[in-house]
Structure formats: structure tokens, C-alpha cells
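First up is the structure itself, then whatever we jot down about it.
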2 protein chains.
Amino acid sequence: MGLGWINFAMHKMRPKPARHLAFFYARTGFLHNIKPIERQTLHLKIVDRLREMIEHGDIAPGAKLIEKDLCESFAVSRTPMREAIRALAAEGLVVLTPNRGACVATITEVQILESFLVIGALEGLAGELAAPRITEAQLDDIRGMHISMLERHAANDLDGYYIYNRQIHDAIFEIADNELLKEMRRIVFNRTIRLRFIARIADDEWQVAIKEHEEMIVALEARDGPQLGAILRRHLESKRVQIARWLQRQPSA
Amino acid sequence: MGLGWINFAMHKMRPKPARHLAFFYARTGFLHNIKPIERQTLHLKIVDRLREMIEHGDIAPGAKLIEKDLCESFAVSRTPMREAIRALAAEGLVVLTPNRGACVATITEVQILESFLVIGALEGLAGELAAPRITEAQLDDIRGMHISMLERHAANDLDGYYIYNRQIHDAIFEIADNELLKEMRRIVFNRTIRLRFIARIADDEWQVAIKEHEEMIVALEARDGPQLGAILRRHLESKRVQIARWLQRQPSA
DNA sequence: TTACAGAATAATGTATACAAAATTAAGCTC
DNA sequence: GAGCTTAATTTTGTATACATTATTCTGTAA
């Protein structure tokens, strides 16, 4: 689709596994425990299922998507399967190479850090737009999520913390009320989603994140758009640096 | 989806023409003067051709894309044509409705204004990244484009002005050196590209734009990222307001 | 004429068959 | 065994036929 755009890499050979991350290359093969798919608009359902599997890691990054194998797994013909794969390519989850088929997209360290820069810009805009238009009710909701998030932090429950953290950011985008902005964020998120399953935050970084969230609440209460935008940009920059450090700590291939 | 995403609108009926713009609804029909397309990876070539035609307005916004008609026009079968249409849907140029086919995407006033907000955020980030890393040679290039742009302004040549204007912004994105950022911009641009063919800037707005471009050069020379980012955000906000005024002036349907 | 029901038509969705390209395997030379 | 050429296989790309869903047309009744 590009992201926009259909992502046809023109590399001569099969895409290599990503350099810095321990992702591996594999053939699809027959996938077991696949529920059968109903008739009509199959491709839509296939897209959903494949996306879920890719995001969840059931199909490894870099794995080649053999149409025939996938068709047998899902018990559908190649026509809807091809359409589904191309739709995923448009989302950036899959990379197509003409006459050489599709691979699950891999992500490099550079791409991850690029993503956080872009997300920062998008979140900053969301903050600018959201702060002036937030209602008291919406503010109360966010305060509630914030308190729940603090509880999860106190309980040292990182996964629970992430859930409420995500809810707060989602809420800000909702309040910003810009469909395109939400869509752009979704696209960028898709690229880094697998990372969220594995990257762990360090304790001191966690403290910083909490502090930035406190500031966000203040800016929202003040309906200060530029301020909230600035905080969010800084917040995402912190995350980016965190991720960069985390990546450095990884043994990696 | 989404841009990313495949844009399956779940509306019950045919998409209606956009409310505020005088776009019309039409059936595709046989298109004349279509050059034949070579074998293999047809869908890639079809995508390019269709995109060009849509962006150029040869196929009207809101027009239904009848697979059969298009296949006859391009002398290909439905398989590659369907893949091409779906690829365009992923780009957001086309809207799919399950079992009811594809229409060229229409754009509403709201969507246009949303787009400029997002472009502003992206350009702002590009400026922040580009300023600290620009080389003297790159700066000279931009100065050259800037001078050419001023000449076109002096000659009252708006189209020429837009070309150099676009070149300068493109150059900043190139220097920013963030592939995802460029891709995001491309996606958003796709949504508003048809507008560029018709919207005309007013004289006083033109003066403001020139002044902002002067400031951009200064910030680049100072390698001041935050400053350039701020200028670009303001610059795009000016454009957004311009477009909003231009839209208000339109009779519209 | 309008409103509705059902048939006829046309469009999209899917499966299969064939063509072209890429990959793999085999055979050959050195 | 390494390196190359060429045949066999696999995989992707395209065309066509059939199935399902929408739409349009037609006829009837009020």
C-alpha cells in the first residue's frame, strides 16, 4: 500500500531473514487445526484468519506463503487465497515478489525505529486534536483507565499495564476524531505488532512512562492541545529509545 | 487495511456521490484508446494504468468499476483485473463492497481536511529529521529549487510553482531518510491527489506560502530540526485553511 | 399510475484448467 | 567434488467455466 501500495519487492532472490532479529525462514507446509471456511466472500474471512495467524506468530516472519499449501489448509481454491494474500500485502504484513510469491514480512531494527518516529508524529497530532475537544465524561473514562494502569504497575503486571496503556492511547485517537489518522496509526502498528509480544520494559523506563502519563492527564484537564501533543511526542520518543535499548540487549542473529 | 487495509464499505447500497463536491456517479462502460497489455504480471501493469487513469480523472470519482467492461477495455481476463482492483482498494483509490463490486473512491470535504492535518504531522516530522542531517550539497539543491519556485511565482505560473514546491517538500522527505514516513505520505497524498488538479491558491495565500518557504530555508541552514518541524506544521496548517476556504467558495452539489 | 412479486439478466465470487516462470534435480565436464 | 548446462518439477500467473448474489425487467393487482 505502498501501504498504500502493494508491496512488490523487486529483489532478485527470496527475501532473506531480517538481519538483526532472530527471525527464521520457513516453508508454510500444511497447517493443522484450521477451521473450515464458509462460502462467498471467502477472501475476506481468509484475510482475517491469516492476519490473526501472522500477528500471533503462528506463521513465522519470513515464511514463504505457498498458495497450494494454504489452499489445502483452508480448503479453498487459489482464487480467493490469492486475493487474501494480496490484501495482506497491501497492509504490509506480507511481501510479494513477482513470479516468486509471498513471504510474511520481516521487520528490521531500522524499520522498527522508523515506525516509532512515525507513530510519535501521529500520536502528537492526536493529542493536539483531542485535548481541546475532550468532554468531562471522556476525561473521566481516561482517568479511570489511568488509575487501573497504575494498579497494574503496582502489581508489577506488565501485560495488564500494557492493556490499559493501550486503551488510553486508543481513547485519545478516538477523541481526536480523524478517521485517516486512526487508519494511519493502524497501518504503522501492524508493522510492529509482533514486537509487542516480546519486548519488555525496564523498571526505570516504566517509571518514566508513568510520569509522562501523569502529564498527559494534566494537559487533557487543561485542554492544552499543543502541550499534550508535545508530551505524546516525547512519550513516544522515550518508547523509541527504550525499544532501541531493548534491541541492543538482544543476542539477535 | 485499511490503508492498509482493504476498504470494504459495508453500506447496503451503492456508495452515493460525495456530498459537498460536484462528483458524479457513472458506469464504467468500454474505454477507448487503451493500449494492449503484455502477458505475465498483468495485474501489476493494470494497477499502474488504472491508478493513472483514476488520478487523472479519466474514470470519474464514484464511477462503478465493472469488471467485465474493464476486462474488455484492457483485453485481459477477470483474474488479473480483480487483483488489480483490490490492490487499488488497498491504496484507498477504490472502495469495495462485498458482492456489489468496486467504485472509484470519492472524497468528502471532511476527508480532505483530515488529510491535511495528517500530512502536516508527517511533514513536521520530516522537517525535524531532515534539518540536522542535511548536507551542504543538499541544501544548495533546495536553494536552487527555491529560487526556481520564486521565479515561477514572479511569472504568475501557478502550475510551475507547484512543481518546484512539490520538489522541495519531496527533497525534505528524502533527506529525512525514513522509508515508512515517505510511504505514509504517499498514501495520504493518494487520497487528495485529484484535488491538486483543480484547487487554485489565492494571491495573498500565495504570499504567505512563499514567506513560510523562506523560513524553511533559514531553519535548514541553521540545522534546527524542531524549528523546521514547527514551520512545516504551520505551513501545512496554512494550506489546510486555504483548501477549506477554496472548498467554501465552490458552488458544489 | 403505483406497488409489489417473481422471473430474467447481469454482476460478483469461486473453482478448475492451462501457460509461463522459477526452482530444483540430474547429468555432464573439468 | 565444484561448476556449469539442461531437463523435470514446482510454483506462480492467467483464462475460462460455473455458482451465488444483485439488479433489472415484466406482469399483475390495487
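Naming: A, B, ... by sequence-line order, numbering from 1 per chain.
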Taken to the nearest whole Å, CG/Leu96(B) to C1'/dT12(C) is 11 Å
Atom CZ of Phe74(A) to atom P of dT14(C): distance rounded to whole Å?
14 Å
Rounded to whole angstrom units, what separation is found between the CZ atom of Arg82(A) and the C1' atom of dA15(D)?
12 Å
Leu65(A) CG to dT10(D) C1': how many Å, rounded?
16 Å
Does OP1 or OP2 of dA15(C) have a side-chain N or O of Ser77(A) closer than 4.0 Å?
yes
Nearest-Å distance, CD1 (Ile46(A)) to P (dG13(C))?
13 Å
In whole angstrom, what separates Asp69(B)'s CG from dA11(C)'s P?
7 Å
Do Leu180(A) and Gln111(B) touch side chain to side chain, with heavy atoms closer than 4.5 Å?
no
Hey, is the main chain of Arg100(A) close enough, under 3.5 Å, to the side chain of Lys64(A) for a donor-acceptor pair?
yes
Heavy-atom closest pair (Ser115(A) atom, Val188(A) atom, distance to 0.1 Å) is O-CG1, 3.8 Å
When you match Thr79(A) and Ala102(B) each to their closest nucleotide on DNA chain C, which lands nearer the 5' end?
Ala102(B)
Phosphate contact (dT9(C) OP1 or OP2) by Lys68(B) side-chain N/O below 4.0 Å:
no
Spacing between Glu72(A) atom CD and dA15(C) atom P, to the nearest angstrom
14 Å
Identify which nucleotide among dT12(D), dA22(D), dT14(D) has an atom closest to any side-chain atom of Pro80(B), counting heavy atoms from C-beta outward.
dT14(D)
Please determine if Arg233(A) and Glu128(A) form a salt bridge, counting it only when a charged side-chain N lies under 4.0 Å from a carboxylate O.
yes
Tell me, do Leu50(B) and Glu55(B) make a side-chain contact under 4.5 Å, heavy atoms counted?
no
Per the atom types in the model, does the base of dG13(D) pair as donor or acceptor with the side chain of Arg100(A) at under 3.5 Å?
no
Nearest nucleotide by nearest heavy atom, which residue falls closer to the 5' end of DNA chain D, Arg78(A) or Arg78(B)?
Arg78(A)
Rounded to the nearest angstrom, tell me the gap between atom CD1 in Ile66(B) and atom P in dT12(C).
5 Å
